[in-house]
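Just below is one structure, and these are the notes that go with it.
Naming convention: chains lettered A, B, ... in sequence-line order (proteins, then strands); numbering from 1 in each chain.
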Number of protein chains: 2
Amino acid sequence: MILIIIFNSSRTATGHFAPVNRLRTRTANNGAIMNKRIADLNKYLADKGLKITRQREAVAQVFFDTDGHISAEELYTKVSRSYPGVGLTTVYRTLKLLKEAGLAKERRFAEDSQGVFEKEDTARHHDHLICTRCGKIVEFKEPLIEKLQEEVAQRHGFSVEDHKMELYGLCSACRTA
Amino acid sequence: MILIIIFNSSRTATGHFAPVNRLRTRTANNGAIMNKRIADLNKYLADKGLKITRQREAVAQVFFDTDGHISAEELYTKVSRSYPGVGLTTVYRTLKLLKEAGLAKERRFAEDSQGVFEKEDTARHHDHLICTRCGKIVEFKEPLIEKLQEEVAQRHGFSVEDHKMELYGLCSACRTA
DNA sequence: CCGACAACTGAAATTGATTATCATGTTCTC
DNA sequence: GAGAACATGATAATCAATTTCAGTTGTCGG
Ligand SMILES: [Mn+2]
Ligand SMILES: [Mn+2]
Ligand SMILES: [Zn+2]
Ligand SMILES: [Zn+2]
């Protein structure tokens, strides 16, 4: 809340954001606003020699406040409500950074050509059931399947880094309708 | 072989194909050239009130003669060698028909690449291991995983129509390199 | 065999998500 | 505070895939 007010009031007349330095000074003593994920992102950026910017923090914060799956376009719209002036390009770029930092995971369901993103730590060990009629998505865990995947991979000399498993069908509502 | 020769020699001066009617008459008594899959496609087309054309048969025949995964562009190139004049658009349209007819299955491995197709009957019960370094693809079957998938779906009230399972990692060659 | 008419074709234009460009603005170290 | 490197956002480019459209062909009834 406080952060938002400061952000909004610190925009310059030209539509550009105020420098991060100034912002950081004004908010540094409020530990609550800098959550762990933002800290993780900032650490990743620092380690890579990349820079912490207001736009990146804005995009990341809104993303981290979002549950479930969200597309770049949707995130852009959502970010724009709190931080107008952030470009769609930057949303794409920030999502790519979040993936590289291990903080976001991209998914691509069915024929929908648009990728969606979810927080990596919540995404890590679940897969998806997708209703081909109504689009409903159910998340599930099945450790036994994961174990079998490992075994299959090992049998073929592969080491598994990632996997994708999606089950397409009809949900109970759509089946009876 | 015979079919190809007849096809080539039946092209008109304008680059258009000779009518299917004439072709059919000349090849009808050679049962060997009309394989089961082409027959299946023709039945599907007839049932839907769609038309059997030389282009569709050409694309389908080359596709059915191909093992493994092939993209629309690659199929277009391959078809063009035997049947020049068939457009890429028609290759896309025919592949869509083959999917609808249950004769082809589309896959999409690397997120950013184009779709590839394989014959539905050979594709039906295998999944893929994909090396993220060299692109090597290994096909495997794991009935136990399929069984667990069914159980998971049932537990959530879903009926499974299709599934996608891909394991991404490093093949043994790439791991030791 | 003849239309008639709906379906088909291929070139070209379009789409839509994502990425590249580039001139300008910002970050951050010394 | 200066400067080098990095980031931003408007815009253009990309690229697989689809749509459009004017001309062509398959199919069916007669
Ligand atoms: Mn999910
Ligand atoms: Mn395969
Ligand atoms: Zn449903
Ligand atoms: Zn490899």
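Taking only side-chain nitrogens and oxygens, Arg54(A) never comes nearer than 4.0 Å to OP1 or OP2 of dG9(D). Not one side-chain nitrogen or oxygen of Gln55(A) sits closer than 4.0 Å to the OP1 or OP2 atom of dA7(D). A sub-4.0 Å separation between OP1 or OP2 of dA7(D) and a side-chain N or O of Arg56(A) is present.
We find that Lys147(B) and Glu151(B) are joined by a salt bridge, their nearest charged nitrogen and carboxylate oxygen being less than 4.0 Å apart.
Taking the screw axis at each terminus of the helix from dC1(C)-dG30(D) to dC30(C)-dG1(D) from five consecutive base pairs, the angle between the two is 40° to within rounding of 10 degrees.
Look at CG on Leu97(A): it is 12 Å from C1' on dC6(D), rounded to the nearest Å. Atom CD of Glu106(B) and atom P of dA17(D) are 7 Å apart (whole Å). Atoms OH (Tyr92(B)) and P (dA13(C)) sit 18 Å apart, rounded to a whole Å. What separates CD of Glu100(B) from P of dA7(C) is a distance of 14 Å, to the nearest Å. The distance between atom CG of Leu75(B) and atom C1' of dA16(D), rounded to the nearest whole Å, is 15 Å. Counting to the nearest Å, the P atom of dA17(D) and the CD atom of Glu74(B) are 11 Å from each other. Counting to the nearest Å, the C1' atom of dA16(D) and the CD atom of Gln114(A) are 16 Å from each other.
Between the side chain of Lys78(A) and the main chain of Phe63(A), no donor-acceptor pair closer than 3.5 Å is present. A donor-acceptor distance shorter than 3.5 angstrom exists from the side chain of Arg56(A) to the backbone of Lys51(A), with no hydrogens or angles considered.
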Under-3.5 Å N/O pairs linking protein and nucleotides 10-15 of chain D:
none

Short N/O separations, protein against nucleotides 2-6 of chain C, under 3.5 angstrom:
from   : atom 1 : to       : atom 2 : distance (Å)
dA6(C) : N3     : Lys51(B) : NZ     : 2.7

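For residues 159-175 of chain A, every residue pair satisfying the salt bridge (charged side-chain N to carboxylate O under 4.0 Å, His left out) rule, not counting sequence neighbours, is listed here: Lys105(A)-Asp162(A), Lys164(A)-Glu111(B).
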What side-chain donor-acceptor pairs closer than 3.5 Å can you find for residues 92-102 of chain A, not counting sequence neighbours?
from      : atom 1 : to        : atom 2 : distance (Å)
Thr94(A)  : OG1    : Thr90(A)  : O      : 2.7
Lys99(A)  : NZ     : Glu106(A) : OE1    : 2.6
Glu100(A) : OE1    : Tyr44(A)  : OH     : 3.3

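Within a 6.0 Å sphere centred on NE2 of His126(A), heavy atoms belonging to other residues, nucleotides or ligands number more than 12.
Taking the side chain to side chain contact (heavy atoms under 4.5 Å, CB included) definition, one finds that Asp127(A) meets it with Phe140(A), Glu146(A), His163(A), Met165(A), sequence neighbours left out.
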